[in-house]
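Order of the sequence lines fixes the chain letters, A, B, ..., with proteins taken first and strands second; residue numbering starts at 1 for each chain.
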2 protein chains.
Amino acid sequence: MSGRQQKRSVHEESEEARETRRAILEVARQLFMEFGYRAITTRQISDACGLTQPALYHYFKDKEELYVAMAREELARTRTGLERITRRGESVEERLKRAVAYLVGATQHDHSLMMHDIRYELSPEARLQLNEEFRINMIAPLAALFEEGQHDGQLRDEQHGGSDAVASAYLFLSFVSYILARGQHETATGSDSALAQQMVGILLHGLAYP
Amino acid sequence: MSGRQQKRSVHEESEEARETRRAILEVARQLFMEFGYRAITTRQISDACGLTQPALYHYFKDKEELYVAMAREELARTRTGLERITRRGESVEERLKRAVAYLVGATQHDHSLMMHDIRYELSPEARLQLNEEFRINMIAPLAALFEEGQHDGQLRDEQHGGSDAVASAYLFLSFVSYILARGQHETATGSDSALAQQMVGILLHGLAYP
DNA sequence: CCTACCGATCGGTAGG
DNA sequence: CCTACCGATCGGTAGG
């Protein structure tokens with residue numbers, strides 16, 4: 001809650017302003033999510049928007065506030081996508097595969113780059129806020145799915161060689177990071193969905209024979 | 001003869017120079033591996049060494065060359081540690097648990113930060129070189145272990161719900177990253193070795209009941 | 001190995 | 001008096 005939301009009298013120019021703001025957020029998303037916070041300058045963002053760099057500061061207090069606004073939108077969007085999947089009436093394994101495919105394909109971007117930026121580039125305040133949003137929007141939906149699997153007796157809980165639902169969600173995301181990281185510098189050996197199938201299979205059934 | 005310091009013999013001079021070079025590499029390791037390439041300035045390194053910033057450029061051509069030299073040493077050190085573990089006469093599972101504990105405890109640092117720097121901060125040439133060193137020093141020893149497990153019939157190969165040995169090694173490392181990432185902003189629920197046991201158990205036996 | 005600096009570029013802000 | 005910017009430049013810092 002920033003005390004920055006001042007008088008924005010309702011007129012047609014605020015319509016234009018909102019459009020510009022949206023354009024900035026979209027460009028910031030593409031650049032920050034592909035190259036990271038430090039590597040992208042405010043000038044690169046403004047150039048891509050057809051604005052001067054100082055004009056950005058009319059819409060966002062500073063570079064960090066822009067990043068945080070972008071990241072919050074991105075996380076909220078991801079939660080919508082994830083919840084659409086986790087609410088399906090399919091098996092836990094099937095929904096996990098869909099979730100991998102969604103995170104790899106639809107979002108395109110590696111959330112682990114965002115996590116790096118949150119941890120290493122942002123202020124403690126921004127870090128705290130985005131860590132919470134990360135838990136709410138990405139971890140919680142996945143953890144709910146793992147918890148469902150544990151209650152159904154399909155998945156091991158912590159006492160039976162598994163891990164608690166939240167830890168499972170983090171592990172799941174580390175698998176997704178792995179897939180996306182591989183895709184960057186290795187020629188794909190198969191389609192994303194085939195890899196997603198394989199990864200979820202390993203996460204659920206293990207690398208060893210029973 | 002003025003009080004000006006006399007020219008040191010080649011012998012002493014290169015001895016001292018090597019010591020200084022070592023000190024720079026050690027400081028660079030501590031700082032780069034904790035905070036990342038971009039976040040650390042050459043002045044921070046020189047200050048911590050008791051040198052002026054331009055003096056660094058007597059020992060290393062530029063910031064990147066210093067990072068690459070440090071990273072190569074770090075990777076070579078890690079390989080030595082890993083190979084000492086993989087050559088033991090224990091079960092594959094036991095050696096994997098030791099490897100996790102070693103990577104989490106002994107090295108202290110998250111290799112995923114190094115991977116981020118390699119991918120996002122370095123030049124294409126340095127990236128290429130360190131990616132190769134990464135494969136040789138970290139992936140190869142682990143992949144050899146997974147391959148041994150597959151030949152023994154303990155681990156699934158690609159045709160039976162597993163993954164090839166190299167991919168398994170990458171997956172293994174993504175688990176280690178996860179452990180180290182958790183340790184940064186969560187209170188540890190148990191000791192590192194207990195977590196290592198749990199993680200290897202999940203990787204080998206899966207989250208689902210057979 | 002230091003003092004004294006450079007070209008450029010960074011994020012951010014001035015007046016109009 | 002407001003908005004949506006611009007041209008110019010701020011204080012600092014990057015690698016060298």
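- Under 3.5 Å, the side chains of B:Q30 and B:E34 contain no donor-acceptor pair of N or O atoms.
- A donor-acceptor pair shorter than 3.5 Å cannot be found between the side chains of B:Q129 and B:E125.
- The separation of D:dG16 from C:dA4, taken at their P atoms, amounts to 22 Å, rounded to a whole angstrom.
- For the OP1/OP2 pair of C:dC1 and a distance below 4.0 Å, the side-chain nitrogens and oxygens of B:T20 include at least one atom meeting the criterion.
- In this structure, OH of A:Y57 is placed 11 Å from P of C:dC10, rounded to the nearest angstrom.
- Using modelled atom types, one side-chain atom of A:E64 and one backbone atom of A:S123 make a donor-acceptor pair closer than 3.5 Å.
- When the P atom of C:dC1 is taken as reference, atom CG of B:L51 falls 6 Å away, rounded to whole Å.
- C:dG15 and D:dC5 have their C1' atoms separated by 13 Å, with the value rounded to a whole Å.
- Relative ring orientation between A:F134 and A:Y170 is described as tilted, the plane-to-plane angle lying within the 30° to 60° band.
- Computed from coordinates, the A:Q53 CD to D:dA4 P distance equals 18 Å when rounded to whole Å.
- In the set C:dC10, D:dC5, C:dG12, D:dC5 carries the atom at the smallest distance from any side-chain atom of A:A55.
- Comparing the C1' positions of D:dG11 and C:dT9 gives an interatomic distance of 13 Å, to the nearest angstrom.
- Side-chain atoms of A:R38 and base atoms of C:dG11 include no donor and acceptor less than 3.5 Å apart.
- In summary, the side chains of B:E158 and B:S163 do not present any donor paired with an acceptor at a separation below 3.5 Å, with no hydrogens or angles considered.
- Looking at which nucleotide of DNA chain D each of B:K63 and A:T52 is closest to, the 5′-most match is held by A:T52.
- Looking at heavy-atom distances under 4.0 Å, A:L56 makes no contact with the nucleic acid at all.
- A straight line from CZ of A:F60 to P of C:dT13 spans 15 Å, rounded to a whole angstrom.
- Contact annotation for B:T42: backbone-only contact, meaning every heavy-atom pair under 4.0 Å involves sugar-phosphate atoms and none involves a base.
- B:R43 has its CZ atom 13 Å from the P atom of C:dC2, to the nearest Å.
- At whole-Å resolution of the value, CD in B:E121 and C1' in D:dG15 are 14 Å apart.
- Residue A:Y59 places at least one side-chain N or O closer than 4.0 Å to OP1 or OP2 of D:dC5.
- Atom NE2 of B:H58 and atom P of C:dT3 are 17 Å apart (whole Å).
- Computed from coordinates, the A:R21 CZ to D:dA4 C1' distance equals 15 Å when rounded to whole Å.
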